[in-house]
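Notes follow the structure.
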Amino acid sequence: MKKIGIIDVGGGTRGIFGAGVLDYLIDNDIEIPYCVGISAGSGNMARYISKDKKSSYIFYTKYAFTKEYMSWRNYFVTGNFVNLNYIYGTLSNEGAEYPLNYEKLKKSKQELIVVATQAEDGKPKYFTKKDMKKNDYRICACSSCLPVLCEPYYYEDHYYYDGAVSDPIPVEKCFKDGCEKVIVILTRPIDFIKDDGKKYLFYGKIRKKFPEFTKALEKRCDTYNNKVQEIKDKYVKNNKVLFIAPESTKGMKTLSKDKSVFDKLYHEGYEKAKLIKDFIK
């Protein structure tokens, strides 16, 4: 196969759409060589490479409903609405109900890139499979750390936040690293325009400690919107990039909990993934 890239942009619990796409690839023995995961997409991508079919689906439809996974109780006790150590530690380590098959991931020839944002300077950090060890999947926690709702995630002497803040759709990274074509899994419709409303009013605490990151955070919606348009204009028209996106979010926000909608998004992702076969020929 040509060097093809695939990006899962994440999106909290809407990431179940991406889980459907990746499960289709597993079912059809399609191994995309260069795999990029951002935020919740990082966990999806790790389980795709390790061929853990349906395990991401179970994470969303079973564990996302528990207070240990995400809750206001967590927030008021620890400062973290989403318990990243629970998700990428307790639930993913050896001996858990659905542990990540690390040995398969390690042996796979597929590359894994996990995108996080450095809190100190607001720039992207691209972790690789080499940064991941058995029972140590903290790079996914770094990538998934939601500003405001979570404290910055400390890892290897640095603090990190959600990778979507600095590089929400890293197609340029894929092409720079040798990809000829790139598949982009979105969890919102292609024509969706992001608007953070007045969320910047809650950035005071972050601004005081990480002013450079806050600049990136305040521009994150424009960064995303401009990147989608740039990709359309520059790459989609000449068949270099394929967007796989839902027709609608079905009312789901980043941390929504609605199992019936989860199922719809998962199956829509699975069906939309059928476009990939022709794209990668």
Side-chain angles (χ1 to χ4, degrees), residues 4-27 29-64 69 82-117 124-146 153 155-156 160 162-164 167 170 173-174 177 183-185 187 244 266 269 273:
I4 307 293
I6 185 166
I7 301 168
D8 187 334
V9 305
T13 51
R14 289 195 314 276
I16 195 166
F17 177 83
V21 174
L22 298 173
D23 276 353
Y24 173 86
L25 297 181
I26 292 173
D27 281 346
D29 297 319
I30 299 173
E31 291 192 353
I32 306 298
Y34 188 90
C35 305
V36 182
I38 306 160
S39 194
S42 64
N44 284 355
M45 205 59 77
R47 289 177 181 276
Y48 161 57
I49 294 174
S50 63
K51 303 300 179 286
D52 286 341
K53 177 178 162 54
K54 277 282 190 175
S55 62
S56 290
Y57 173 85
I58 291 166
F59 263 65
Y60 292 109
T61 58
K62 180 177 179 180
Y63 296 110
Y69 192 109
V82 181
N83 188 338
L84 298 169
N85 288 326
Y86 177 73
I87 298 169
Y88 297 112
T90 304
L91 293 179
S92 300
N93 289 345
E94 189 175 22
E97 283 187 64
Y98 294 97
L100 177 67
N101 192 328
Y102 175 75
E103 295 305 325
K104 274 192 177 181
L105 183 146
K106 183 180 179 181
K107 292 176 182 178
S108 172
K109 293 181 180 179
Q110 292 170 280
E111 295 179 67
L112 173 65
I113 307 297
V114 173
V115 186
T117 302
K125 169 70 176 180
Y126 303 106
F127 293 106
T128 70
K129 199 188 294 186
K130 293 179 182 178
D131 296 301
M132 188 180 280
K133 303 176 182 65
K134 189 171 186 178
N135 297 329
D136 184 358
Y137 312 124
R138 288 177 291 168
I139 61 171
C140 294
C142 293
S143 180
S144 305
C145 185
L146 296 172
Y153 198 88
Y155 174 73
E156 298 291 337
Y160 294 95
D162 195 314
D167 198 355
K173 167 74 173 166
C174 296
D177 289 351
I183 303 149
V184 176
I185 304 170
T187 56
I244 302 289
Y266 174 84

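Not measured: the values here are computed from a predicted model.
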Under a 4.5 Å cut-off applied to non-hydrogen side-chain atoms, are Asp8 and Ile38 in contact? no

Check whether any side-chain N or O of Arg14 sits under 3.5 Å from a backbone N or O of Thr187 as a donor-acceptor pair, and report yes or no. yes

For Asp167 and Pro124 the tightest heavy-atom approach is CB-CB, 4.1 Å

Tyr60 and Asn44: side chain donor to acceptor below 3.5 Å: yes

Checking side-chain contact (heavy atoms from CB on, under 4.5 Å) against Ile6, which of Ile244, Leu22, Val36, Ile30 comes through? Leu22

Do Ser42 and Ile139 come within less than 4.5 Å of each other through their side chains, counting heavy atoms only? no

Please list, chain by chain and in numerical order, all residues satisfying side-chain hydrogen bond (donor to acceptor under 3.5 Å, both in side chains) with Tyr98, sequence neighbours excluded. none

Rounded to the nearest 0.5 Å, what separation is found between the CG atom of Asp27 and the NZ atom of Lys51? 11.5 Å

What's the shortest heavy-atom distance between Met45 and Cys35, and which atoms? CG-CB, 3.4 Å

Quick one, Lys173 and Tyr34 - any side-chain contact, counting heavy atoms below 4.5 Å? yes

Atom pair SG/CG of Cys140 and Asp131 - distance to nearest 0.5 Å: 10.5 Å

Would a line drawn from the ring center of Tyr153 to the ring center of Tyr88 be shorter than 6.0 Å? no

Minimum heavy-atom separation for Ala116 and Phe127, please, with both atom names. CB-CE1, 3.8 Å

Taking only residues two or more places apart in sequence, or in another chain, which ones meet Ile87 in a side chain to side chain contact (heavy atoms under 4.5 Å, CB included)? Phe59, Tyr69, Val82

Sequence neighbours excluded, the answer for side-chain hydrogen bond (donor to acceptor under 3.5 Å, both in side chains) partners of Thr61 is none

Note, Ser92 side chain near Arg47 side chain (heavy atom, < 4.5 Å): yes

Just how far is it from atom CD1 of Ile7 to atom CD1 of Ile185, taken to the nearest 0.5 Å? 9.5 Å

Return yes if some donor-acceptor pair links the side-chain N/O of Gln110 with the main-chain N/O of Ile32 below 3.5 Å, else return no. yes

Sorted by chain and number, sequence neighbours left out, side chain to side chain contact (heavy atoms under 4.5 Å, CB included) with Thr90 holds for Tyr86

Do side-chain atoms of Ser143 reach the backbone of Ser39 as a donor and acceptor pair under 3.5 angstrom? yes

Do any side-chain atoms of residues 99-106 form donor-acceptor pairs under 3.5 angstrom with protein atoms, and if so which ones, sequence neighbours left out?
unit_1: Asn101; atom_1: OD1; unit_2: Lys104; atom_2: N; d: 3.2
unit_1: Tyr102; atom_1: OH; unit_2: Met132; atom_2: O; d: 3.1

Glu94: side chain to side chain contact (heavy atoms under 4.5 Å, CB included) partners, not counting sequence neighbours: Lys134, Asn135

Point-to-point distance, once rounded to the nearest 0.5 Å, from CG of Asn85 to CG of Leu91: 11.0 Å

Donor-acceptor check, side chain of Asp23 to backbone of Gly20, threshold 3.5 angstrom: yes or no? no

Distance-minimising heavy-atom pair for Ser56 and Ala19: CB-CB, 3.8 Å

Nearest 0.5 angstrom please: Glu31 CD to Lys109 NZ, how far? 9.5 Å

